[in-house]
Number of protein chains: 2
Amino acid sequence: MAKEIKKVSDIVIRRLPKYHRYLSDLLDRNVDRISSQELSGLTGFTASQIRQDLNNFGGFGQQGYGYNVQALHTEIAKILGIDKTYRAVVVGAGRLGSVISTYSGFKASGFEILAMFDKNPEKVGKVIDGLKVYSLDDMADFIKKNKVEVGIITVPKDGSQKIADDFVAAGIKGIWNFAPVDLVVPEDVVLESVRLNDSLLTLSYYLTEKK
Amino acid sequence: MAKEIKKVSDIVIRRLPKYHRYLSDLLDRNVDRISSQELSGLTGFTASQIRQDLNNFGGFGQQGYGYNVQALHTEIAKILGIDKTYRAVVVGAGRLGSVISTYSGFKASGFEILAMFDKNPEKVGKVIDGLKVYSLDDMADFIKKNKVEVGIITVPKDGSQKIADDFVAAGIKGIWNFAPVDLVVPEDVVLESVRLNDSLLTLSYYLTEKK
């Protein structure tokens, strides 16, 4: 299928994982095809928004038939890069690092975690959840030698920018950041942050507003 | 300070934790006052957007002076409800539940975790990170007896809607959800979800796009 992929807005991109999630559920339920109206009922997006979103990537629907669930699922997975494998390392061999390292979504999304790094000498050399913990001093060499593309930061605020800088210097192409900091990275490095605390404060806001 | 709080859009609300974060940093660095231009340099929001955002809550700046960092920090904390305490329970005594239960941001944000719940009989009765693990069967009673307002879901996809339903039936006012599901809750219950997998797929998309 030859199609032109236009530059798509970040808002649309961030809806794709949700489409992917619902399409996976539909496949699990052996649903063959689905209309934009039905997808709207599931996702909460309007049918017209759904058609527009999917049009951005060439459009996979047929008038009067709807979308072939399997084909749409495969296409969105391809767009999301799930069929590609990215080699990753985790910095921070603490609890959060351990959750992330054993996170089942990784393999399903094409990420392979090779090692953990920590500055604490007591953790270095240990094997946690099947992953060896190395010293931060050895990180740059490891990344270069193993062609690691993704770095995951699970350390607290302090020190996180230094780790991002080290990642970038060693050739990392994307960072998944859990530190509550807006990291600064060059434009050609992808930065994706999970903001637990911002999410918690948003919950707090709405709870307080409703009181 | 008497001020009218207008109904504010979710997009603005979700910027407040970021303001709060930067203002905390400024306080740590003993900065007394800051202009919207300087805040713009820090946050990446435009100065005019910042003035508009803060205007929503009554506006705390003074022409030619800027914002008093301490006063603005205090006001935003109050708007976010950080000065209020919410009693919470965690469902799922696994790794993620353990990370969440020991998460330092909780106390700082005014959340107090009282207990964990799990369906696994081998975990029930144990004390994990200082929190007792109870059976899911006892959850409704516990919530009512202890006036718990917030429920945190750290279990996998399957079963998460049932837990949300049980939370709501027991009187929970807000849910912090980590399961990769769009939970359905009544309108008067606040639902805030952290979507680890959606974030990971977004990272995958941008990595793939740049290739």
Side-chain angles (χ1 to χ4, degrees), chain A residues 5 8 10 13-14 16-18 20-22 42-44 78-84 86 94-96 98-100 102-106 108-111 149-150 156 173-176 180-182 188 190-211, chain B residues 5 8 10 13-14 16-18 20-22 42-44 78-82 84 86 94-96 98-100 102-106 108-111 149-150 156 173-176 180-182 188-211:
Chain A
I5 305 282
V8 181
D10 186 65
I13 300 307
R14 286 179 187 278
L16 288 181
K18 186 163 175 176
H20 187 258
R21 185 148 39 89
Y22 278 101
L42 288 174
T43 59
K78 212 190 282 177
I79 291 165
L80 288 171
I82 296 176
D83 55 336
K84 299 198 175 42
Y86 294 102
R95 283 166 200 270
L96 182 58
S98 171
V99 167
I100 297 302
T102 56
Y103 176 52
S104 63
F106 264 119
S109 308
F111 290 82
E149 291 169 294
V150 175
K173 298 288 173 236
I175 296 176
W176 204 24
V181 178
D182 295 322
D188 62 335
V190 181
L191 172 65
E192 172 69 16
S193 294
V194 176
R195 305 235 169 268
L196 290 182
N197 210 54
D198 289 11
S199 174
L200 191 60
L201 289 181
T202 304
L203 175 65
S204 174
Y205 171 85
Y206 283 113
L207 281 166
T208 305
E209 192 206 38
K210 294 222 168 172
K211 269 211 166 165
Chain B
I5 305 284
V8 181
D10 187 64
I13 300 307
R14 286 178 188 279
L16 288 181
K18 186 162 174 176
H20 186 258
R21 185 150 37 89
Y22 278 100
L42 288 174
T43 59
K78 212 191 283 177
I79 292 164
L80 288 170
I82 297 175
K84 298 198 177 42
Y86 293 103
R95 283 167 200 270
L96 183 56
S98 172
V99 166
I100 297 301
T102 55
Y103 176 50
S104 63
F106 264 118
S109 307
F111 290 84
E149 293 169 293
V150 175
K173 299 289 175 233
I175 296 176
W176 204 26
V181 177
D182 294 322
D188 61 336
V189 172
V190 181
L191 173 65
E192 171 70 17
S193 293
V194 176
R195 305 233 170 270
L196 289 182
N197 210 54
D198 289 11
S199 173
L200 191 60
L201 288 181
T202 304
L203 175 65
S204 173
Y205 171 85
Y206 283 112
L207 280 166
T208 305
E209 192 206 39
K210 293 220 168 172
K211 267 211 167 165

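Every chain is numbered from 1, with letters handed out A, B, ... down the list of sequences. Computed from heavy atoms alone, side chains included, the values below leave out hydrogens, waters and symmetry copies.
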S.K.: To the nearest 0.5 angstrom, please state how far the NZ atom of A:Lys18 sits from the CZ atom of B:Arg195.
M.R.: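 Reported to 0.5 Å precision, the distance equals 7.0 Å.
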S.K.: Would you mind telling me which of B:Glu149, B:His20, B:Arg95, B:Lys210 has the largest number of heavy-atom pairs within less than 4.5 Å of chain A?
M.R.: B:Arg95
S.K.: According to side-chain hydrogen bond (donor to acceptor under 3.5 Å, both in side chains), who are the partners of B:Asp10, at least two apart in sequence or on a separate chain?
M.R.: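 With sequence neighbours excluded, B:Asp10 shows a side-chain hydrogen bond (donor to acceptor under 3.5 Å, both in side chains) to A:Tyr206, B:Arg14, given in chain and number order.
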S.K.: Check for a donor-acceptor pair, side chain of A:Ser109 on one end and backbone N or O of B:Leu201 on the other, with a separation under 3.5 Å.
M.R.: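 It does not hold such a pair.
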S.K.: Which heavy-atom pair separates A:Asp182 from B:Tyr22 by the least distance, and what is that distance?
M.R.: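 Taking every non-hydrogen atom into account, OD2-OH, 2.6 Å.
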S.K.: Determine whether a donor-acceptor pair (N or O, by modelled atom type, separation under 3.5 Å) exists between the side chain of A:Ser199 and the backbone of B:Val194.
M.R.: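 No, because the side chain of A:Ser199 does not come within donor-acceptor range (under 3.5 Å) of the backbone of B:Val194.
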S.K.: By a 4.5 Å heavy-atom criterion (distance strictly below it), what part of A:Ile175 contacts chain B: side chain, backbone, both, or neither?
M.R.: backbone
S.K.: Between B:Lys173 and chain A, with a heavy-atom cut-off of 4.5 Å, which part of the residue counts as in contact: side chain, backbone, both or neither?
M.R.: both
S.K.: Could you list the residues that satisfy side-chain hydrogen bond (donor to acceptor under 3.5 Å, both in side chains) with A:Thr208, not counting sequence neighbours?
M.R.: B:Tyr86
S.K.: Tell me if a side-chain donor or acceptor on A:Tyr103 pairs with a main-chain N or O of B:Asn197 at a distance below 3.5 Å.
M.R.: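 Yes, because the side chain of A:Tyr103 sits within donor-acceptor range (under 3.5 Å) of the backbone of B:Asn197.
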S.K.: For the interface with chain B, which of A:Val99, A:Leu42, A:Leu80, A:Leu196 has the highest count of heavy-atom pairs at distances below 4.5 Å?
M.R.: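 Among A:Val99, A:Leu42, A:Leu80, A:Leu196, the one with the most close pairs to chain B is A:Leu80.
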S.K.: Could you go through A:Ile13 and B:Glu209, starting from their C-alpha distance and side-chain angles, then the distance that decides it, and tell me whether this counts as side chain to side chain contact (heavy atoms under 4.5 Å, CB included)?
M.R.: CA-CA 11 Å; A:Ile13 300 307; B:Glu209 192 206 39; over 6 Å; no
S.K.: In Å and rounded to the nearest 0.5 Å, what is the CZ to CG distance from A:Phe111 to B:Leu200?
M.R.: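 Those atoms lie 4.5 Å apart.
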S.K.: Can you say whether B:Val189 sits under 4.5 Å from chain A via the side chain, the backbone, both, or neither, judging by heavy atoms?
M.R.: backbone
S.K.: Can you tell me which portion of A:Val181 sits under 4.5 Å from chain B's heavy atoms? Options are side chain, backbone, both or neither.
M.R.: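 Backbone only.
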S.K.: Select one option (side chain, backbone, both, neither) describing which atoms of B:Thr102 are under 4.5 Å from chain A's heavy atoms.
M.R.: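 B:Thr102 touches chain A through side-chain heavy atoms alone.
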S.K.: Ignoring hydrogens, what is the shortest heavy-atom contact between A:Tyr205 and B:Val8? Give both atom names and the distance.
M.R.: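 Heavy-atom minimum between the residues: OH-CB, 4.4 Å.
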S.K.: Please report the closest heavy-atom contact between A:Val190 and B:Leu207, naming both atoms and the distance.
M.R.: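 Here A:Val190 and B:Leu207 meet closest at CG2-N, 4.0 Å.
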S.K.: Out of B:Leu191, B:Thr43, B:Asp188, return the one with the most heavy atom pairs under 4.5 angstrom to chain A.
M.R.: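 The candidate making the most pairs under 4.5 Å is B:Asp188.
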S.K.: Can you tell which part of B:Phe106 gets under 4.5 Å to a heavy atom of chain A, answering side chain, backbone, both or neither?
M.R.: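 Contact with chain A: backbone and side chain both.
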S.K.: Working to the nearest 0.5 Å, report the span between CG of B:Leu96 and CD1 of A:Ile100.
M.R.: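 Answer rounded to 0.5 Å: 8.5 Å.
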S.K.: Quick check: closest heavy atoms across A:Ile82 and B:Ser204, and the distance to 0.1 Å?
M.R.: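 A:Ile82 and B:Ser204 have their closest heavy atoms at N-OG, 4.1 Å.
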S.K.: Report the C-alpha distance between B:Glu192 and A:Thr202 in whole Å, list the side-chain angles of each, state the deciding distance to 0.1 Å, and finish with yes or no for side-chain hydrogen bond (donor to acceptor under 3.5 Å, both in side chains).
M.R.: CA-CA 8 Å; B:Glu192 171 70 17; A:Thr202 304; 4.7 Å; no
S.K.: State, to 0.1 Å, how close B:Arg21 and A:Pro180 come at their nearest heavy-atom pair, and which atoms those are.
M.R.: CD-O, 3.2 Å
